[in-house]
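This report concerns only the one structure given below.
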Amino acid sequence: MAANKITDKVYSVGVQNPDLRVFDIVMATRYGTSYNSYIVKGEEIALIEASHADFGGFYEANIREVTDPAKIKYIILNHTEPDHSGALADLIRLCPDATVLATAVALNYLKNIVNAPFKSRPVKDGEVLDLGGVTLNFTVSPLLHWPDSMFTYCPEEKVLFSCDVFGSHYSSEKVLDKDVENVEGYREAFKGYYDAIFGPFKPFVVAGMAKIAKYPFEIVCPSHGPVLTKDGQLPYVLEKYREWSKTVKNAVKKIPVFYCSAYGCTAKLAEAIAEGVNEVIPDADCKTYNIIENDMAAMRAEINACDACAIGSPTLNSDAVPPVWDLLAGVDAINSRKKPVAVFGSYGWSGEAVPNLIARVSGLKMAVVGEGLKVCFVPTADDLNAAKEYGRQLASAIK
Ligand SMILES: Cc1cc2nc3c(=O)[nH]c(=O)nc-3n(C[C@H](O)[C@H](O)[C@H](O)COP(=O)(O)O)c2cc1C
Ligand SMILES: [Fe+2]
Ligand SMILES: [Fe+2]
């Protein structure tokens with residue numbers, strides 16, 4: 001690991017973590033990651049992003065290649081997730097003259113992350129910091145991907161410090177995109193990063209990109225993965241962010257019915273619900289999915305892309321069955337708010353599945369249709385009519 005010069009006034013001093021295979025509990029990181037950090041040198045010196053707590057020694061050595069840390073005047077944090085703020089407590093000791101600059105929201109979070117006093121000043125949207133010979137412009141852009149986020153732009157060097165935006169979990173000692181040997185691997189990591197981190201925040205990505213459109217940046221310094229340049233991956237990255245962040249409206253209404261069924265009772269309810277849906281919206285895309293016979297990733301994509309859905313489980317041992325919980329674990333909570341959902345299931349004596357599933361989808365802030373549908377053992381003709389009516393209610397909720 002070493003410091004790298006990006007432009008005459010911008011240096012990369014972050015650390016590589018090539019062996020990481022899981023990030024933030026759930027993200028697979030096949031190509032490792034990096035916790036990028038940058039120094040901007042004017043008459044005064046600023047450090048942008050503070051790296052992960054676990055790599056202190058390497059990080060300090062990289063900083064020392066560029067400057068004596070005691071000379072750092074500002075530590076700028078575009079976002080305070082601990083992969084970028086974890087090293088802050090150590091940095092504050094290393095840079096006694098430094099003032100931490102971040103959004104007001106970010107400084108509020110840092111109080112409970114650092115748990116020690118430090119010098120700080122909130123920055124406002126549009127504020128400019130003059131380092132002497134080089135300036136930094138701050139653009140507050142919340143929910144990319146926390147409420148605290150902002151961009152920092154250096155007009156003299158045409159460099160945008162974008163934090164997690166445009167980042168990738170891709171570790172490479174060669175910091176510039178043009179030196180990345182496995183471009184396919186990089187692009188796979190870049191897409192995985194976008195889907196996991198920014199997929200739930202598409203409208204905020206669009207808003208953020210509109211805010212930075214006024215800056216003629218030629219280099220992007222993200223907080224993970226290679227530095228992006230106009231002759232390297234930057235045009236691809238910008239084009240993909242625009243493409244992936246568009247909100248797609250389903251041409252025909254998508255109302256999938258997911259269920260599990262040990263003896264076919266809940267399955268019968270599922271078919272009747274689908275019939276009811278199609279009576280109200282004849283051209284609705286209303287497939288029934290027996291959860292254990294279908295691909296979980298595909299069903300998770302389907303439930304997140306649907307306009308409304310139905311979820312059914314029999315009660316086994318006082319609860320809904322694990323595959324149904326597994327499917328619900330893939331629901332994108334941020335974008336599923338207010339989405340209508342019908343909950344149904346057959347039971348024998350206690351019938352906890354439906355109320356337990358209702359509690360879960362209510363916790364996701366989805367809109368439960370009616371009070372759920374519970375049927376004791378094998379559905380009668382009347383039960384199937386009630387299920388059809390429940391399907392009609394579900395379809396009517398989005399009509
Ligand atoms: C292993 C097993 C455990 C069960 N445990 C419960 C239970 O705790 N409470 C309940 O109300 N019904 C329980 N039942 C009964 C089922 O909910 C009932 O048979 C239901 O009709 C099954 O619907 P399905 O055909 O859609 O699987 C259990 C059934 C099985 C096979
Ligand atoms: Fe983050
Ligand atoms: Fe990050």
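Quick note: numbers below take in every heavy atom, side chains included, and nothing from hydrogens, waters or symmetry partners. Whatever order the structure lists ligands and atoms in, that order sets their numbers, starting from 1.
When only modelled atom types and interatomic distance are considered, Glu188 and Tyr31 share a side-chain donor-acceptor pair under 3.5 Å. Asp382 and Thr380 form no side-chain donor-acceptor contact under 3.5 Å, judged by distance and modelled atom types alone. A donor and an acceptor atom, one from each side chain of Asn250 and Lys253, are nowhere located under 3.5 Å apart. Side-chain N/O atoms of Thr33 and His169 include a donor and acceptor closer than 3.5 Å. There is no side-chain donor-acceptor pair under 3.5 Å between Asp195 and Tyr193. Donor-acceptor pairing under 3.5 Å is lacking for the side chains of His84 and Asn78. Looking only at atom types and distance, the side chain of Glu49 has no donor-acceptor partner in the side chain of Ser37 under 3.5 Å away. Residues Glu156 and Thr135 have side chains that bring a donor and an acceptor to within less than 3.5 angstrom of each other. Under 3.5 Å, the side chains of Asn36 and Ser223 contain no donor-acceptor pair of N or O atoms. A donor-acceptor contact closer than 3.5 angstrom is absent between the side chains of His52 and Asn17.
In this structure, Val331 is a member of the same hydrophobic cluster as Val341, with clusters built from ILVMFWY side-chain heavy atoms closer than 4.5 Å.
Atom 20 (C) of ligand 1 has Ser346 OG, 3.3 Å as its closest protein atom, hydrogens excluded (heavy atom only). The protein heavy atom nearest to atom 19 (O) of ligand 1 is Phe377 CE2, 3.4 Å. Of all protein heavy atoms, the one closest to atom 12 (N) of ligand 1 is Gly348 N, 3.2 Å. In this structure, atom 27 (O) of ligand 1 lies nearest to the protein heavy atom Ala262 N, 2.5 Å. Here the protein heavy atom with the shortest distance to atom 16 (C) of ligand 1 is Thr315 O, 3.3 Å. Ranking protein heavy atoms by distance to atom 9 (N) of ligand 1, first place goes to Ser350 OG, 2.7 Å.
Ligand 1 places these atoms under 4.0 Å from at least one heavy atom of Tyr263: 24 (P), 25 (O), 27 (O), 31 (C). Atoms of ligand 1 lying under 4.0 Å from any heavy atom of Asn317, numbered from 1 in the order shown and given with element: 3 (C), 4 (C), 5 (N), 6 (C), 7 (C), 8 (O). For ligand 1 and Thr266, the ligand atoms under 4.0 Å from any heavy atom of the residue are 23 (O), 24 (P), 26 (O). Set against the non-hydrogen atoms of Ser318, the atoms of ligand 1 under 4.0 Å away are 7 (C), 8 (O). Which parts of ligand 1 touch Ser261 is read off a 4.0 Å heavy-atom cut-off, strictly below it: atoms 24 (P), 25 (O), 26 (O), 27 (O).
Salt-bridge check for Asp68 with Lys71: failed, with every basic side-chain N at 4.0 Å or more from each acidic carboxylate O.
Residue side and main chain included, His79 places an N/O/S atom under 2.8 Å of the Fe ion (ligand 2). With 2.8 Å as the limit, Glu81 does not count as an N, O or S neighbour of the Fe ion (ligand 3). The Fe ion (ligand 2) has no N, O or S atom of Cys163 inside 2.8 Å of it.
Where the criterion is an N or O separation shorter than 3.5 Å, residue side chain and backbone included, Gly264 meets it with respect to ligand 1. Residue-to-ligand polar distances keep Pro314 apart from ligand 1: every N/O pair is separated by 3.5 Å or more. Considering backbone and side-chain N/O of Leu316, none are found under 3.5 Å from N/O of ligand 1. Residue contacts with ligand 1: Cys265 is placed with a nitrogen or oxygen under 3.5 Å of a nitrogen or oxygen of the ligand (distance criterion only). For ligand 1, the polar-atom distance check finds an N/O of Gly351 within less than 3.5 Å of one of the ligand's N/O atoms.
A side-chain contact (heavy atoms from CB on, under 4.5 Å) with Leu101 holds for exactly one of Lys73, Arg121, Glu127; it is Arg121.
Considering just the N/O/S atoms of Asp164, the one nearest the Fe ion (ligand 2) carries the name OD2. Atom OD2 is the N, O or S atom of Asp83 at the shortest distance from the Fe ion (ligand 3).
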